[in-house]
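Report on one structure; see the data block that follows.
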Amino acid sequence: MAAKKKSINTHMIFIHLFFILISLVFILPMILVVSISFSSEYSVTNLKGFSLIPVEFSTEAYQLAFKNPKSIIDGYKITIAQSFLGTFISSLVAGMAAYPLSRSNFRFKTPVTWIIFFTMLFGAGMIPNYIVLTKYYHLGNTFWIYILPGFMGGAWNTMVYRTFFKGLPESLFEAAKIDGAKELTCFFRIAVPLSTPVFASLGFMMLVGKWNDYMTSMIYIRDTSLYTLQYLLQRILMEIEFIKSMMSGDATMSNANLNVTGMRLPAETMKYAMCVIAAGPMLFIFPFFQKYFSQGLTIGAVKG
């Protein structure tokens, strides 16, 4: 009995050590990014390089990033608005499109499903999309370019919602129909509450995708007040790299390593400070969705 207990304890210790090591693989890079962002440029490039604890604590990277706070605040506003509004509309439309496809009494579910599936195989491409969205829909350089092109939610998400809805008992909807409920009532009062895991999981993935989107701003936006945070930070980093490359060609400026305001250009630490600025909000939001990922996308929602 003691030998069996010892074997079990050894097995559990091995499992715990394994998952601790796996956790460190994900946690240590995050700590390293934060540490470098709060390090001085000189300590990173000339002293000990990257370290988990800042050798010389400095906020010069954040000072330069927030030198024009209005642009950063505008970037946050645009990113938050287009991410959450776009995710909400996309999830709602994709769910409403998937609901009739999951019901057995919908006559045209097979051809509609094939049409939606067909869009997963072929796309028009960047140039036709640009012409249609800017010349015919006049969405170029407007906030709605972030929302309207993807408001359908995507064919893949629609198929996932459809598969999940098909797992819900038909008897629930039949009972609601007998009580006089309409289809919209069945969707919002029965299907959506029982499908919280799939809506939360896919919604969070869409939210992260929209939060990290910078291509839309790069292609369609010319008004700096409509830049998303990701594209704005990329432009700041490109400007710093350009100034630093110009300084490297001038011996006097290179030795001083200063910009026009007298501040040392933290090109290396700036990259990591931007990672913290851009990814920080998502790190705080993720714990609220974590339990839905653990439940999975095919969890049963009805208890006997």
Side-chain angles (χ1 to χ4, degrees), residues 79 81-140 142-168 170 173 183-184 186-188 190-220 228 230 282 286 289 292-293 295-301:
T79 302
Q82 67 94 7
S83 297
F84 285 89
L85 180 60
T87 299
F88 174 76
I89 295 176
S90 299
S91 299
L92 179 62
V93 173
M96 294 182 70
Y99 173 73
L101 299 179
S102 66
R103 304 272 62 87
S104 59
N105 58 352
F106 181 50
R107 183 182 304 177
F108 304 104
K109 66 177 182 178
T110 299
V112 173
T113 300
W114 276 105
I115 292 173
I116 294 176
F117 178 75
F118 183 81
T119 63
M120 298 174 62
L121 305 178
F122 302 96
M126 182 182 296
I127 295 177
N129 283 335
Y130 181 85
I131 294 174
V132 170
L133 293 177
T134 57
K135 184 176 180 179
Y136 296 102
Y137 292 166
H138 304 288
L139 296 177
T142 66
F143 172 77
W144 297 107
I145 190 64
Y146 298 113
I147 306 297
L148 295 182
F151 83 100
M152 292 297 294
W156 185 82
N157 291 336
T158 303
M159 292 301 176
V160 174
Y161 286 128
R162 168 183 169 272
T163 303
F164 191 92
F165 291 155
K166 289 184 70 174
L168 300 179
E170 288 277 356
F173 303 98
E183 291 295 347
L184 284 177
C186 292
F187 174 73
F188 286 107
I190 299 176
V192 172
L194 295 179
S195 306
T196 302
V198 70
F199 274 100
S201 300
L202 293 183
F204 181 75
M205 287 189 285
M206 284 190 283
L207 179 64
V208 173
K210 289 181 177 296
W211 184 275
N212 293 328
D213 177 34
Y214 68 93
M215 289 295 295
T216 302
S217 296
M218 180 184 296
I219 297 173
Y220 298 101
T228 57
Q230 302 289 348
M282 289 294 102
F286 177 75
F289 293 85
Y292 297 110
F293 282 102
Q295 293 179 26
L297 298 179
T298 57
I299 185 173

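Please read these numbers as outputs of a predicted model, since none were measured by experiment. Side-chain atoms are counted along with the backbone in the values below, which use heavy atoms only and exclude waters and symmetry mates.
Counting only distance, with no hydrogens or angles, the side chain of Thr142 and the backbone of Leu139 share a donor-acceptor pair below 3.5 Å.
Between Ser91 and Gly203, the shortest heavy-atom distance links the atoms OG-CA, 4.0 Å.
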**OP:** Could you please spell out the steps behind the side chain to side chain contact (heavy atoms under 4.5 Å, CB included) verdict for Val160 and Val198?
**Re:** CA-CA 8 Å; Val160 174; Val198 70; 3.9 Å; yes

Original post:
Should Ser90 and Lys210 be marked as a side chain to side chain contact (heavy atoms under 4.5 Å, CB included) after you check the CA-CA gap, both sets of side-chain angles, and the distance that decides it?
Top reply: CA-CA 11 Å; Ser90 299; Lys210 289 181 177 296; 4.0 Å; yes

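You'll find the side chain of Met282 reaches within 4.5 Å of the side chain of Val208, heavy atoms only. Put simply, the side chain of Leu202 does not reach to within 4.5 Å of the side chain of Phe164, judged on heavy atoms. The shortest side-chain heavy-atom distance between Glu183 and Phe173 does not fall under the 4.5 Å cut-off. The closest side-chain heavy-atom distance from Leu92 to Phe188 is below 4.5 Å. When side chains are defined from C-beta on, Met159 does not count as touching Leu101, because their heavy atoms never get closer than 4.5 Å.
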Show me the donor-acceptor pairs, under 3.5 Å and distance only, between side chains in residues 117-136 and residues at least two apart or in other chains.
{"unit_1": "Thr119", "atom_1": "OG1", "unit_2": "Ile116", "atom_2": "O", "d": "2.5"}
{"unit_1": "Asn129", "atom_1": "ND2", "unit_2": "Gly125", "atom_2": "O", "d": "3.0"}
{"unit_1": "Thr134", "atom_1": "OG1", "unit_2": "Tyr130", "atom_2": "O", "d": "2.5"}

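For Phe187, the ring-ring contact (aromatic ring centres under 6.0 Å, His included) partners at least two apart in sequence or on another chain are Tyr99.
Side-chain polar atoms of Tyr146 and Ser217 form a donor-acceptor pair below 3.5 angstrom.
More than 12 heavy atoms of other shown residues, nucleotides or ligands fall within 6.0 angstrom of atom CZ in Phe106.
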